[in-house]
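Since the structure comes first, as structure tokens, the remarks are kept for the end.
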Protein chains: 2
Amino acid sequence: MNDSLHQAARQLRQHIHQFVALSDEEWHGLEPHLSIIHLKKNQFMVTQGVVASQIGFVLEGIFRQFYTKEGEERTTYFFFDQQLIAAYMSCITARPSPVSIEALSDATCLVFPYPVLKALFSQYTGWQEFGRLFAEYVMVALEERMAGLLMLSPEERYLALLEGDQRHLLQRVPQHYIATYLGITPVSMSRIRNRIIPK
Amino acid sequence: MNDSLHQAARQLRQHIHQFVALSDEEWHGLEPHLSIIHLKKNQFMVTQGVVASQIGFVLEGIFRQFYTKEGEERTTYFFFDQQLIAAYMSCITARPSPVSIEALSDATCLVFPYPVLKALFSQYTGWQEFGRLFAEYVMVALEERMAGLLMLSPEERYLALLEGDQRHLLQRVPQHYIATYLGITPVSMSRIRNRIIPK
DNA sequence: ATCTGTTCTTATCTTTTGTTATCGTTTTGG
DNA sequence: CCAAAACGATAACAAAAGATAAGAACAGAT
């Protein structure tokens, strides 16, 4: 049974390796703090208003991150397989999370506490470097997201999604979540689809 | 004459100190690479399409960062006194910058090459930590910017600006730049102002 | 298999925003 | 100091998006 934990840990290390090559010692600083959680569809991993303290790594499943305002939800991000998942901003700032993260399917995650990661930052240069590179990675993603919202029309944003890497993955999420991700209403997105598909 | 350079360097060190306390040795790794540049109003500090390699620190002046698309410009950020200024994304990714940065007034900056900073990252733990904290700082700012664009109406975004820290500084920049910063046209922003001021 | 709730489309109506053009006013450069 | 350019407000019209509601297709649960 612990096999699955070890295998998952290996996957996470592989993922982190894309950012930085950690020594075995550095890696072993994190490994004992890993555990696996299972979530049912529609279960929350992070709840708005609570200070987030867990970092996850998606082993299986789909998640959405969203803001709520006057009962209306706006999706800001989708998380898929083999991705780090967290209300990272809340972890960093230690302020209550403005967003919730919800499983859109039954899901499995490897998780560990952010305080552990933070301690590793100051303890090991490899982890400190990972912290920088990961933050830079998120930064670039956010900049592109912001630029899209500012520069592209709703139709262009939809088309960009269709051409993106996550094209096929997004087919598994309800369209009204995608609509709010694009900053428009589901009705408006339906019109856009209608306008485009005929081609 | 070198006095001004030293004084500027002290200001930069003070600014960086908000992120991390550098040892004298760490600081001296950067100091020799600092220089001062003067820009005239409307002069570009970073040009779209060129790989940026300079980090600046605004000593005096106002700057705007903007995207261009089919001749239309959208401002993504304003930079003021005592702020680090760069097409950081371009520096990090070593890809041509999608944005330009333009002085909106005669300006003075302290500058240094990004490659120097990058070398300091791997050489000193203090600098590595600064790299992480700075990236995290930018990340949080971008997340808030994105959330604003996704969650707030144009009018709410304008009101948020009026209540922001940079309230007074923004009075010195032409309104049509602010309009594109909010993701709307100058005409639309004029309507919003009209709608609001009567109160 | 049926029932219930969700999801998506479509239609209608309203509101908001963009577009274009005009007109004072201010700023800037020669 | 003057002419030209830039700036901001406003009006009129067109285009796009939001709100709401109705209905069809689909999935999940009992």
Side-chain angles (χ1 to χ4, degrees), chain A residues 39-43 61-62 64 66-75 78 102-107 148-162 169-199, chain B residues 39-43 61-62 64 66-67 69-75 78 102-107 148-162 170-199:
Chain A
L39 295 105
K40 297 263 176 205
K41 181 174 175 176
N42 296 326
Q43 203 176 338
I62 300 183
R64 63 185 265 259
F66 63 96
Y67 283 77
T68 307
K69 183 200 166 194
E70 294 158 20
E72 301 207 339
E73 299 175 351
R74 300 285 166 91
T75 300
F78 295 103
E102 176 190 12
L104 294 181
S105 65
D106 288 357
L149 288 171
L150 205 56
M151 297 295 300
L152 304 179
S153 67
E155 186 164 328
E156 289 170 320
R157 292 203 287 275
Y158 180 74
L159 288 170
L161 258 202
L162 289 187
L169 295 168
L170 283 169
Q171 286 174 358
R172 290 164 55 199
V173 341
Q175 290 187 15
H176 64 276
Y177 292 144
I178 297 181
T180 67
Y181 176 83
L182 296 174
I184 57 179
T185 61
V187 177
S188 190
M189 180 166 144
S190 183
R191 282 192 282 242
I192 289 173
R193 286 164 62 81
N194 202 352
R195 219 181 291 157
I196 287 169
I197 297 171
K199 291 184 184 176
Chain B
L39 294 104
K40 296 264 176 201
K41 180 174 176 175
N42 297 326
Q43 202 174 339
I62 300 182
R64 65 185 263 258
F66 63 96
Y67 282 77
K69 183 198 167 196
E70 295 157 18
E72 301 206 340
E73 299 175 352
R74 301 284 166 91
T75 300
F78 295 103
E102 176 190 11
L104 294 181
S105 65
D106 289 357
L149 287 172
L150 204 57
M151 297 295 301
L152 304 179
S153 68
E155 185 165 327
E156 289 170 319
R157 292 202 288 276
Y158 180 73
L159 288 170
L161 257 201
L162 289 187
L170 283 169
Q171 287 175 357
R172 289 164 56 198
V173 341
Q175 290 187 14
H176 65 276
Y177 291 144
I178 297 180
T180 67
Y181 176 83
L182 296 174
I184 57 179
T185 61
V187 176
S188 191
M189 180 165 145
S190 181
R191 281 193 282 241
I192 289 172
R193 286 165 63 81
N194 202 352
R195 220 180 293 158
I196 288 170
I197 297 172
K199 291 184 187 178

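Note on naming: letters A, B, ... go to the chains in the order of the sequence lines (proteins, then strands), and numbering restarts at 1 for each one.
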d(CZ, A/R74; P, D/dA17) in whole Å: 14 Å
Contact check, side chains of A/L161 and A/Y181, non-hydrogen atoms, under 4.5 Å: yes
Donor-acceptor contact present, side-chain B/S105 to main-chain B/I62, <3.5 Å: yes
Reported CD-to-OG1 distance for the pair A/E102 and A/T75, which is rounded to 0.5 angstrom: 8.5 Å
A/R157 CZ - D/dA16 P separation (whole Å): 14 Å
Rounded distance (Å) that lies between atom C1' of C/dC8 and atom CZ of A/R172: 20 Å
Integer-rounded Å distance: C/dT6 P and A/L104 CG: 15 Å
Flag side-chain contact, heavy atom, 4.5 Å: B/I196 against B/E155: yes
Whole angstrom value for the distance that separates C1' of C/dT6 from CD of A/E73: 14 Å
Minimum-distance pair of heavy atoms, taken over all atoms of B/L39 and B/A103: CB-CB, 4.3 Å
Exceeds 12 heavy-atom contacts within 6.0 angstrom, atom NZ of B/K69: yes
Pair B/R193, B/Y158: side-chain N/O donor-acceptor within cut-off below 3.5 Å: yes
Rounded distance in Å - CD1 (A/I196) to P (C/dC8): 16 Å
A/D106 (side chain) donor-acceptor with A/K40 (main chain) under 3.5 angstrom: no
Using nucleotides 23-27 of chain D, report all nitrogen or oxygen pairs with the protein that are shorter than 3.5 Å.
none

Backbone N/O of B/L152 and side chain of B/R157: donor-acceptor pair under 3.5 Å: yes
Contact under 4.0 Å: A/Q175 side-chain N or O vs C/dT6 OP1/OP2: no
Any A/N194 side-chain nitrogen or oxygen under 4.0 Å from OP1 or OP2 of C/dT9: no
Degree of bending in the helix from C/dA1-D/dT30 to C/dG30-D/dC1 once both end axes are built from five pairs, to 10°: 60°
Reading 5' to 3' through nucleotides 11-27 of chain C, protein heavy-atom contacts under 4.0 Å coded B for base, S for sugar-phosphate only, - for none: BB----BBBB-------
Shortest non-hydrogen contact between A/I178 and A/L170, atoms and distance: CD1-O, 3.7 Å
Point-to-point distance, once rounded to the nearest 0.5 Å, from CG of B/L182 to CD of B/E156: 12.0 Å
Below 4.0 Å: OP1/OP2 of D/dG8 and any side-chain N or O of B/H176: yes
Separation of D/dA17 C1' from A/L152 CG (nearest whole Å): 17 Å
